[in-house]
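The structure appears below as structure tokens.
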Amino acid sequence: MRATLGLFFLFVLTQQVLCQSLALPFTRYYSSQEYQGGIQNYAITQHASGLLYIANNYGLLVHDGTTWRRFSLPNSTKTRHVQVDENGIIYVSGQGEFGTFSPNDKGQLVFKSLKDSLPESFQNLEEVWKVFLGNEHIYFCATDRIFVFDHNHRFNFSLESQSAFESFYFSNNTLFVNERQTGLKKLENGSFSLVNSYFSDKLITGLIPTGSGKYLVFTRDNGINELTGRSVANWKTTPELTINAVLRLSNGHIAIATQLDGLLLINTEGKELMKLNKESGLNNNSIVSLFEDLSGNLWLGHNNGLSMIQLSLPFGKINQYSGITGTGYHATNEQGTLYLGTNNGVYVQQSNVDGSKSMELIPNTNGQVYQIKSLQDLLLVAHNDGALSIRNNRAEKIAGPEGIWNFQLLKDYPNLILAGSYQGLHLYEKRDEDLTYLRKIKGFEESSRVIEQDENGDIWVAHGYKGIYKLRLDSTLSAVKVAYFGTEKGLPSNIFNNVWKVKNRLIYTTQAGVFRFNELQRVFERDPIFDPYFENDFLFHYLLEDQMGNIFFIGETELGVLEKKVDGSYQKHFQVFNPLLPLLNDDLPNISAIGGNEVLFAANEGFIRFSLNDNNFQPPVFPTLIRAAYLTGPSDSLIFAGNISQHLSGMTEIPYKKANIRFESSNPTPNNEKSLRYQYWLEGFEKDYGEWTDKREKAYTNLREGKYTFHARSRNIYGAISPVSSYNFEVLPPWYRSKLAYMIYVFVLLVNFLMAYRIIEKRYQKKTLQIKTASEQAIEAKESELKVSQKEVEKLRTEKLKQEIQIKNKELAAATMHLITKNGFIDNMRNNLNAITRKSKNQEVKQEIQKVIKTIEKNIAKDQDWEQFEVHFDQVHGDFMGRFKKEYDKLSPQEIKLSAYLRMNLSTKEIAYLMNISIRGVEIARYRLRKKLNLERSDNLQEYILKF
């Protein structure tokens with residue numbers, strides 16, 4: 001059992017190797033006209049952003065995956081070598097010059113010569129062949145001297161050759177040189193030490209470390225040597241090859257660039273894996289430089305042009321360079337021999353004397369081939385001309401109809417073979433070692449390109465644009481009973497229907513996805529078999545389940561494989577297949593299993609090989625690069641040259657009148673420029689990203705002032721969305737909306753406001769003045785009227801007061817006169833009574849009269865008329881009594897009365913009557929009053945009292 005399994009796996013491996021030796025990698029050639037440079041390319045390197053830098057005859061070439069740019073050295077001479085550091089600084093060496101290219105603030109690459117840092121005696125340079133970036137130093141290598149700089153671009157020291165340096169190599173941070181007449185040296189502790197003198201007369205073109213102190217040394221004309229310590233052994237002599245350059249690839253294989261024989265790939269044991277030259281698809285056999293990029297592609301710098309070999313892809317092309325012509329249709333691997341069917345015939349793989357493999361056309365197979373299939377130990381070909389049988393690499397026509405699509409063993413009849421043809425079905429029988437045509441099966445005349453048999457032996461035929469037929473053979477196997485199924489039986493349409501056998505049962509693919517047939521209800525219903533992996537409306541063009549249980553598929557929009565896992569589930573692989581979509585046969589899609597996990601896709605030109613065992617490819621994801629920004633107008637103005645992967649620092653200011661901007665973007669994914677899709681978003685103008693587009697340019701016009709950020713991202717052919725790149729800029733406002741303008745506007749507005757305020761204020765003041773004047777005039781008029789009125793009122797009041805005073809005076813005078821009259825009368829009465837008393841002698845009478853006299857005197861003393869008099873007096877004389885008493889509080893009541901009588905301008909006699917004293921008593925009273933009032937002798941008492 002173990003031996004059987006071992007033989008089986010050895011057989012499978014052998015078939016893979018045989019097929020792989022025919023399959024050629026995908027390549028892309030760039031001519032000097034395409035990259036607009038010189039024909040020779042001496043060195044290639046790449047930055048982490050994906051930008052490629054190439055040392056070219058005409059200067060430095062920069063490739064962003066879509067476009068090419070060229071930058072010349074100051075003396076416009078050849079650039080011999082190029083390196084780039086992680087900061088994007090590009091180091092170049094060339095004829096008579098070396099230095100750096102680095103981006104300025106606008107992203108433009110600017111060259112800075114480092115030759116000027118050398119002592120003047122060293123500045124007369126010839127060729128500077130190489131530049132290497134070490135951990136501590138940077139080495140610029142010329143024929144006679146090596147210049148050592150630090151990473152701050154300061155010259156440290158130089159190393160002079162004893163004769164001449166012929167080649168330079170940098171490995172494990174160690175510089176090796178091949179010095180003429182001396183041999184191989186390496187730089188240690190600031191000086192060179194001899195490694196081996198064996199190579200003193202040999203030109204070394206490659207140095208690859210293979211272990212501790214072990215190296216493979218490649219020479220231009222003397223083959224390959226293995227260097228171990230001081231010993232040298234011949235590792236592989238290739239006298240027929242002239243080796244120009246060597247590179248160890250990331251997978252450990254070694255690429256050898258030759259002068260006349262193209263590219264040779266070998267493993268670490270020296271076994272040849274692949275040879276590419278003009279006969280196998282290269283445009284140029286002369287290769288001077290090699291570089292493996294971040295995507296695993298191998299770049300070849302030719303003496304004329306550039307080639308990119310996509311070694312990382314798990315695909316290989318079998319086409320005219322492999323020895324076949326025409327469009328591929330079907331293939332098979334029969335007992336270790338590969339047969340390929342195209343529209344030109346059947347090709348078979350042959351072993352050559354030198355051990356190589358080639359394809360040859362089998363005679364008598366010329367024309368359209370549809371299927372090559374091994375049945376019952378017979379290798380049959382379904383051909384436009386009919387059924388063919390291949391034996392000993394020769395084809396024989398089998399009698400029968402023309403136009404055979406396919407063959408199938410008839411279920412339960414091991415010797416009978418069913419063939420689908422342009423018109424119906426035919427039956428063949430194996431007799432002895434030959435295939436014999438029996439008959440056409442009656443009852444069905446439709447084209448039968450796609451047929452399968454179910455477990456009951458019923459034959460299902462899918463017609464491309466009519467529907468699906470179910471055929472049941474009669475007992476004589478000569479006729480069929482036909483059942484037709486179309487849209488009325490559950491199919492979404494009558495076109496693009498196919499039938500396949502997957503997991504040993506039939507499934508039906510339609511425009512609306514995968515269906516199965518319900519035998520009980522005799523209708524088609526949706527089958528969930530592929531629901532986890534495809535949309536419900538996914539349209540399959542071809543399905544193939546290989547012997548490992550993997551399901552390969554070709555669909556309307558994608559192709560790939562469902563890789564079967566141990567638990568019975570599948571892992572879907574499809575992104576890596578995207579580059580194949582435009583290459584496949586669009587007439588009759590086909591997938592042919594030729595080994596375990598290995599298939600051939602029928603292509604427009606031959607076949608494309610794929611093996612799951614080789615599927616280690618990880619699609620690269622590079623950032624989208626904003627390669628340029630222009631201010632558009634009558635003539636575009638460059639504001640950003642795009643040599644910085646992401647322009648995030650600073651803010652580009654754009655005048656308002658020039659606010660029309662156009663951006664150019666790219667993505668460095670190799671050989672992908674036609675499949676890239678972009679999304680753009682101008683933050684500050686748009687809400688989010690727009691639709692995916694194949695346009696690598698985006699323009700905006702008439703932007704308003706403000707700050708903007710332009711974002712660009714891309715989606716490569718593998719469906720991977722790149723990191724975003726951004727560019728910040730600000731559109732300045734027009735002069736009339738600038739800050740200064742707004743300040744002027746505010747100032748003018750304030751001035752206008754003040755002027756308007758002043759004008760309004762003046763108008764207001766004028767109006768106010770007018771109103772005030774009018775008011776004053778009115779007030780004056782009113783006041784005049786009021787004054788007149790007041791005068792009249794005063795006059796009336798005065799007159800009234802006068803009248804009142806007159807009345808009061810009259811009342812006062814009347815009261816006074818009444819008092820005087822009364823007192824006079826009483827005094828006369830008293831005098832008369834006194835006279836009577838004196839005359840009367842009757843004592844009783846006298847006593848009675850005396851009583852009367854006392855009563856009279858008492859009455860005079862208690863007279864209440866004074867109080868009434870005082871009230872009237874104060875009303876007439878302005879509260880004279882109160883004021884006078886307040887001023888002279890020591891006056892007696894009699895003196896107060898005297899003052900009142902004096903103010904009334906009464907005579908002494910009248911006062912005497914009123915006070916019931918004599919005239920002399922009045923005068924004495926006046927005298928005493930003057931003393932209490934402190935009047936001078938010259939002062940008139942009555943005038944003083946009148947003025948008080």
Open item on the list: Side chains of Asp261 and Asn277 only: does a donor on one sit below 3.5 Å from an acceptor on the other?
Closed with: no
Using modelled atom types and a 3.5 Å cut-off, is there a donor and acceptor pairing between side-chain atoms of His383 and backbone atoms of Thr365? yes
Arg28, CZ atom: more than 12 neighbouring heavy atoms under 6.0 Å
yes
Item checked: Ring-ring centroid check Tyr718 Phe617, cutoff 6.0 Å -> yes
Of Tyr508, Phe515, Phe534, Tyr533, the one forming a ring-ring contact (aromatic ring centres under 6.0 Å, His included) with Phe540 is Phe534
If only side-chain N and O atoms count, and only distance matters, is there a donor-acceptor pair under 3.5 Å linking His573 with Glu563?
yes
Note: Lys271-Glu269 ion pair, threshold 4.0 Å (strictly below)
no
### Crowding at CG, Asp377 (>12 non-hydrogen neighbours, <6.0 Å)
no
Practice task
Salt-bridge test for Asp458 and Lys481: reply yes if a basic N is under 4.0 Å from a carboxylate O, no otherwise.
Solution key: no
Is atom CD of Glu445 surrounded by more than 12 heavy atoms (other residues, nucleotides or ligands) closer than 6.0 Å?
-> yes
Would you confirm whether Asn494, through its side chain, and Thr487, through its main-chain N or O, come within 3.5 Å as a donor-acceptor pair? yes
Check: In terms of the angle between their ring planes, are Tyr469 and Tyr484 parallel, tilted or perpendicular, with boundaries placed at 30° and 60°?
Finding: tilted
Worksheet item: Is the His426 ring parallel, tilted or perpendicular to the Tyr437 ring (thresholds 30°, 60°)?
Response: tilted
Subject >> side-chain contact (heavy atoms from CB on, under 4.5 Å) between Leu340 and Val346, worked out >> reply: CA-CA 6 Å; Leu340 305 176; Val346 177; over 6 Å; no
Can Lys501 and Glu545 be counted as an ion pair, charged N to O under 4.0 angstrom?
no
Main chain of Gln368, side chain of Asn384: is a donor-acceptor contact present, judged purely on distance under 3.5 Å? no
- Are there more than 12 heavy atoms of other residues, nucleotides or ligands under 6.0 Å from atom NZ of Lys565? yes
Rounded to the nearest 0.5 Å, the CG atom of Leu263 sits from the CG atom of Leu298 at a distance of 5.5 Å
- Message: If the threshold is 4.0 Å, N to carboxylate O, is there a salt bridge linking Glu334 and Lys373?
- Response: no
Under 3.5 Å donor-acceptor pairs involving side-chain atoms of residues 398-408, not counting sequence neighbours:
from: Trp405; atom 1: NE1; to: Ser421; atom 2: O; distance (Å): 3.3
from: Trp405; atom 1: NE1; to: Ser447; atom 2: OG; distance (Å): 3.0
from: Asn406; atom 1: OD1; to: Gly420; atom 2: N; distance (Å): 3.4
from: Asn406; atom 1: ND2; to: Ser448; atom 2: O; distance (Å): 3.3
from: Asn406; atom 1: ND2; to: Arg449; atom 2: O; distance (Å): 2.5
from: Gln408; atom 1: OE1; to: Gln453; atom 2: NE2; distance (Å): 3.2
from: Gln408; atom 1: NE2; to: Ile451; atom 2: O; distance (Å): 2.8

Does a side-chain N-to-carboxylate-O contact under 4.0 Å join Glu525 and Arg516?
yes
query = What about Phe485 and Phe517, are their ring centers closer than 6.0 Å?
reply = yes
>> Closer than 3.5 angstrom, by distance alone: can the side chain of Thr327 be matched with the main-chain N or O of Asn604 as a donor-acceptor pair?
In response: yes
| Would Lys442 and Asp474 satisfy salt bridge (charged side-chain N to carboxylate O under 4.0 Å, His left out), going step by step from the backbone distance to the final call? | CA-CA 10 Å; Lys442 298 178 182 179; Asp474 62 11; over 6 Å; no
Taking the side chain from Ser295 and the backbone from Asn297, do they hold a donor-acceptor pair closer than 3.5 Å? no
Test ring-ring contact (aromatic ring centres under 6.0 Å, His included), reference Tyr542, set Trp500, Phe496, Phe552, output is Trp500
Notebook entry, point to check: Stepwise, does the side-chain hydrogen bond (donor to acceptor under 3.5 Å, both in side chains) test hold for Asn284 with Tyr29?
Noted result: CA-CA 9 Å; Asn284 191 325; Tyr29 175 72; 5.4 Å; no
(request) Taking atom CD of Gln376 as the centre, report whether more than 12 heavy atoms of other residues, nucleotides or ligands fall under 6.0 Å from it. (result) yes
*asked:* With a 3.5 Å distance limit and no angle check, can you tell me whether Asn578 reaches the backbone of Ile717 through a side-chain donor-acceptor pair?
replied: yes
**Message:** Surrounding CD of Glu455 (heavy atoms of other residues, nucleotides or ligands, distance under 6.0 Å), is the total greater than 12?
**Reply:** no
Side chains of Asn344 and Thr325: do they bring a donor and an acceptor to under 3.5 Å? yes
Report yes or no: does Asn597 contribute a side-chain atom to a donor-acceptor pair with the main-chain N or O of Ser611 at less than 3.5 Å? no
TODO: Examine distances only and state if a side-chain atom of Ser592 and a backbone atom of Ala331 form a donor-acceptor pair shorter than 3.5 Å.
DONE: yes
In Leu264, Leu265, Asn267, the residue satisfying side-chain contact (heavy atoms from CB on, under 4.5 Å) with Glu272 is Leu264
- Mark yes or no: Lys317 above the aromatic ring of Phe26, with NZ or CZ under 6.0 Å from the six-membered ring centre and no more than 45 degrees from the axis. yes
Exercise for the section: Might you confirm whether atom CD of Gln511 has over 12 heavy atoms from other residues, nucleotides or ligands at distances under 6.0 Å? Expected result: yes
_Glu429 bridged to Arg439 by N-O distance under 4.0 Å_ = no
Original post:
Are Arg505 and Asp527 ion-paired here, with the side-chain N under 4.0 Å from a carboxylate O?
Top reply: yes
Value for CG (Leu612) from CD (Gln571), rounded to nearest 0.5 Å, stands at 9.5 Å
request  = Give a yes or no on whether the backbone of Phe524 and the side-chain of Asn518 come within a donor-acceptor separation of less than 3.5 Å.
outcome  = no
Carboxylate-amine/guanidinium contact Arg391 Asp434, below 4.0 Å | yes
### Message
Quick check with a 6.0 Å cut-off and a 45 degree axis cone: is Lys572 positioned over the face of Phe574's six-membered ring?
### Response
yes
Notebook entry, point to check: In this structure, are over 12 heavy atoms from other groups packed under 6.0 Å from Asp567 atom CG?
Noted result: yes
Say whether Glu396 and Ser389, considering side chains only, have a donor N or O and an acceptor N or O under 3.5 Å apart.
no
| said: For Ile324 and Ile318: C-alpha separation, side-chain torsions, deciding distance, then whether side-chain contact (heavy atoms from CB on, under 4.5 Å) applies. | reply: CA-CA 7 Å; Ile324 69 171; Ile318 302 177; 4.0 Å; yes
Requested in this report: Verify, without hydrogens or angle tests, whether Asn497 (side chain) and Gly467 (backbone) share a donor-acceptor contact under 3.5 angstrom.
Outcome: no
